[in-house]
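To keep things clear, I will list the structure first and then write my remarks on it.
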Amino acid sequence: MAYEINIHVNKNGKLETEELPLSISVYRESKRVKLLFEVDEEIDSTYHYLKLTHAKVAYLYRVHDNEFEIPKAVTAYEGRWEISFVACDEVANSDSTITANYIYASEPIVADVTRGNLGIIHTSEESILLRELTEGTFDRFEIPSGTEFIAQNFLAMALNQFTLVVPYTVTEIQKYALYESGCTKIEFEPGSRLTTLKDNALYRVANLGNIKFPASLSNWGAFNLSFCGCELVEFEANSNLKTMGNYTFWSLPNVTKIVLPDRLQSFTGGTAVIKACPLLNEIWFPNSINVAIPQSAIQECPLLSKITLQSNFNVNANFGNCTALTRESVIQMFRSLKDLTNTASKVITLHQTVIDKLTTEDLAIVYDKNWSVGSVGTGDVLKNKSFHYENSTVSMDLVFGDIVGTLTSDNKSINFSYEYLTDTTFKITLDSSYDEEQWGNYKPAPLGTFENTETLITFSSGQASSVKIKMYSATGTGTNRTFSKVEGE
């Protein structure tokens, strides 16, 4: 039988009891303390609550039939507690706030919680969480609500398999928070305020399952999800993540599909955005991207057979490294491009092995929308091509043969050999008969050399439409000269 304390709830806002000073203890931990309330009739309300406040914690409990048994969550905290009786005409909110039209709240009375003989054994949720964290025995770890960040290395090397629950109050997950841990699932509470994943925050979590990041996320650090086990990566609708750059998705061994944020604007950087994902089969791109996608953005994804573009996709995009794209997926890509009739044309670039899968009718889909199809991986795209350039002072012609060519301007002519450095750059080596003085103010090679590596190829409709060579003045200043194709093979 519980130890009972009678308390009168007075209409004037006082709590009255003969037990003052009030001491809430559990003698030998064999009995519980029960508070019995007598409520004045003038306190006209349907719902009764007790608010218990301690220096470390505060609780709001429902009182049923004017009886309340002190729970272990309270007796776990020794020291001074303030107890107030609350009556209202509406149920309290889920966050323990009361917004009713009628509220009665008594003045608090002070109670002391003291230990019984076994009081050193705490059974509060916080104590259980701490013990399980220390012992590594948890299978579900719920970060306490109110936490604002998950610290660096917090659960690193926690080898037991567990689900991590991230409350809506967490705004940042710091470096290596789950490094090489046994985490299998991450649950983000509804209304998440998470804005930042620091570099390597989710790194080498081998058994991590599929994951959907909250819309609030706006800062993505490098190497997140690297060497993690997830197969599907998604983002909630109306995502705040606008930029994905270098090292965004690198070395995801199991990922098969990545659905990019639906308001993403930039998918580029000095190196790859997605790289070394050996099983990646599909990427979904939103039409919100407004920065050209370079060829380097996707690398080393040999099974990438499908790139899905959101309808009205409208940016230059180079998917030249994606050699496994199927004809069906490319046709669908073409259909998703925005119709640019009567506006400036844009280019979608594919590897030549992919273009070879397409028919004339397939290519007509993209041409009819005033788009061009660029090509990479075609071998010697300059062979047997002629190009011409002129402005107010200079007129030049380039003729390419088989690994050799000729550059002519006015009465001067020089032979050269050329070598591909990448699919879009090549090196020109001038003939040994090259005379710098003869070429005056627009030398085709830097001073004192025979080689020019500042050369670019531009593709349009699968053909090399122009080449760009840096020409050098007598003082060594370089100026790009663009040669446009004037005739074919």
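Quick caveat: nothing in here was measured; it's all calculated off a predicted structure. Side chains are part of it too, since the values below use all heavy atoms of this structure and drop only hydrogens, waters and symmetry mates.
- A donor-acceptor pair shorter than 3.5 Å cannot be found between the side chains of Ser305 and Glu282.
- Defined by atom type and a distance below 3.5 Å, a donor-acceptor pair is present between the side-chain atoms of Thr475 and Ser473.
- Between Phe483 and the options Phe387, Phe400, Tyr389, a ring-ring contact (aromatic ring centres under 6.0 Å, His included) holds for only Tyr389.
- Between the side chains of Asn254 and Glu231, no donor N or O sits under 3.5 Å from an acceptor N or O.
- The shortest distance between side-chain heavy atoms of Asn101 and Glu90 falls below 4.5 Å.
- Pro286 places a side-chain heavy atom less than 4.5 Å from the side chain of Leu260.
- Note: Leu264 CG to Leu241 CG = 6.5 Å, rounded to the nearest 0.5 Å.
- In this model, no donor atom of one side chain and acceptor atom of the other lie less than 3.5 Å apart for Gln438 and Glu436.
- Residue Thr449 comes nearest to Tyr434 through the heavy atom pair O-CE2, 3.9 Å, listed as atom of the first residue, atom of the second, then distance.
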**Q.** CA sep, side-chain torsions, deciding dist, call: Arg327, Leu358, side chain to side chain contact (heavy atoms under 4.5 Å, CB included)
**A.** CA-CA 6 Å; Arg327 173 176 175 260; Leu358 305 175; 4.0 Å; yes
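- Checked by atom type and distance alone, the side chain of Trp220 pairs as donor or acceptor with a backbone atom of Thr248 at under 3.5 Å.
- The distance from the CG atom of Leu178 to the CD1 atom of Ile173 is 7.0 Å, given to the nearest 0.5 Å.
- With a 4.5 Å cut-off on side-chain heavy atoms, Leu382 and Ile457 count as touching.
- Distance CD1/Ile307 to OG/Ser336: 12.0 Å, rounded to 0.5 Å.
- Within a 6.0 Å sphere centred on OH of Tyr420, other residues, nucleotides and ligands contribute more than 12 heavy atoms.
- With a 4.5 Å cut-off on side-chain heavy atoms, Cys183 and Leu155 do not count as touching.
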Q: Run the numbers on Arg481 and Glu390 for salt bridge (charged side-chain N to carboxylate O under 4.0 Å, His left out), then give the verdict.
A: CA-CA 9 Å; Arg481 306 289 189 186; Glu390 62 182 42; over 6 Å; no
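- Side-chain contact between Ser145 and Tyr168 is present, with heavy atoms from C-beta onward closer than 4.5 Å.
- Environment of NZ in Lys242: crowded, with over 12 heavy atoms of neighbouring residues, nucleotides or ligands closer than 6.0 Å.
- By the 30° and 60° cut-offs, the orientation of the rings of Tyr442 relative to Trp439 is perpendicular.
- Donor-acceptor pairing under 3.5 Å is lacking for the side chains of Asn370 and Thr341.
- Closest heavy-atom contact between Ala324 and Leu303: CB-C, 4.3 Å.
- The shortest side-chain heavy-atom distance between Ile274 and Ile283 falls under the 4.5 Å cut-off.
- Within a 6.0 Å radius of NZ in Lys275, other residues, nucleotides and ligands contribute more than 12 heavy atoms.
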Q: Start with the C-alpha distance between Phe162 and Phe141, add both sets of side-chain angles, then the distance that settles ring pair (Phe, Tyr, Trp, His ring centres under 6.0 Å), and finish with yes or no.
A: CA-CA 7 Å; Phe162 63 93; Phe141 194 91; 7.2 Å; no
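- More than 12 heavy atoms of other residues, nucleotides or ligands shown are found within 6.0 angstrom of NZ on Lys369.
- Taking the centre and axis of the six-membered ring of Trp284, the NZ or CZ atom of Lys257 falls outside the cone set by 45° and 6.0 Å.
- Under the side chain to side chain donor-acceptor pair (under 3.5 Å) test applied with Asn321, the options Gln299, Glu300, Gln295 reduce to a single match, Gln295.
- Summarising the geometry, atom CZ belonging to Phe188 is positioned 5.5 Å from atom CG belonging to Leu194; distances are rounded to the nearest 0.5 Å.
- Looking at Asn240 and Arg263, their side chains do bring a donor and an acceptor atom within 3.5 Å of each other.
- Using a 4.5 Å heavy-atom cutoff, the side chains of Asn452 and Tyr418 are not in contact.
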Q: Would you sort out whether Val166 and Ile150 count as a side chain to side chain contact (heavy atoms under 4.5 Å, CB included), showing the intermediate values?
A: CA-CA 9 Å; Val166 181; Ile150 300 177; 4.3 Å; yes
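- Atom-to-atom distance recorded for Ile98:CD1 and Asn93:CG is 8.5 Å, nearest 0.5 angstrom.
- In plain terms, the two heavy atoms of Ala215 and Ala237 that are nearest each other are CB-O, 3.3 Å.
- Legend: side chain to side chain donor-acceptor pair (under 3.5 Å) pairs involving residues 195-216, not counting sequence neighbours, sorted by first then second residue: Thr196-Asn219.
- In this structure, Met471 and Ile469 have side chains that are in contact, with non-hydrogen atoms separated by less than 4.5 Å.
- Asn224 places a side-chain N or O within donor-acceptor distance of the main-chain N or O of Ala201, the cut-off being under 3.5 Å.
- Below 30°, between 30° and 60°, or above 60°: for Phe267 and Phe285 the angle between ring planes is above 60°, a perpendicular geometry.
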Q: Take Val233 and Phe213 through the test side chain to side chain contact (heavy atoms under 4.5 Å, CB included) and record every step on the way to the result.
A: CA-CA 8 Å; Val233 179; Phe213 291 96; 4.1 Å; yes
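- Between the CG atom of Asn384 and the CG atom of Asp402 there is a distance of 7.5 Å, given to the nearest 0.5 Å.
- Checking Asp362 against Thr359 by side-chain atom types alone, a donor-acceptor pair falls below 3.5 Å.
- Nearest heavy atoms, Leu225 versus Phe249: CD1-CE2, 4.1 Å.
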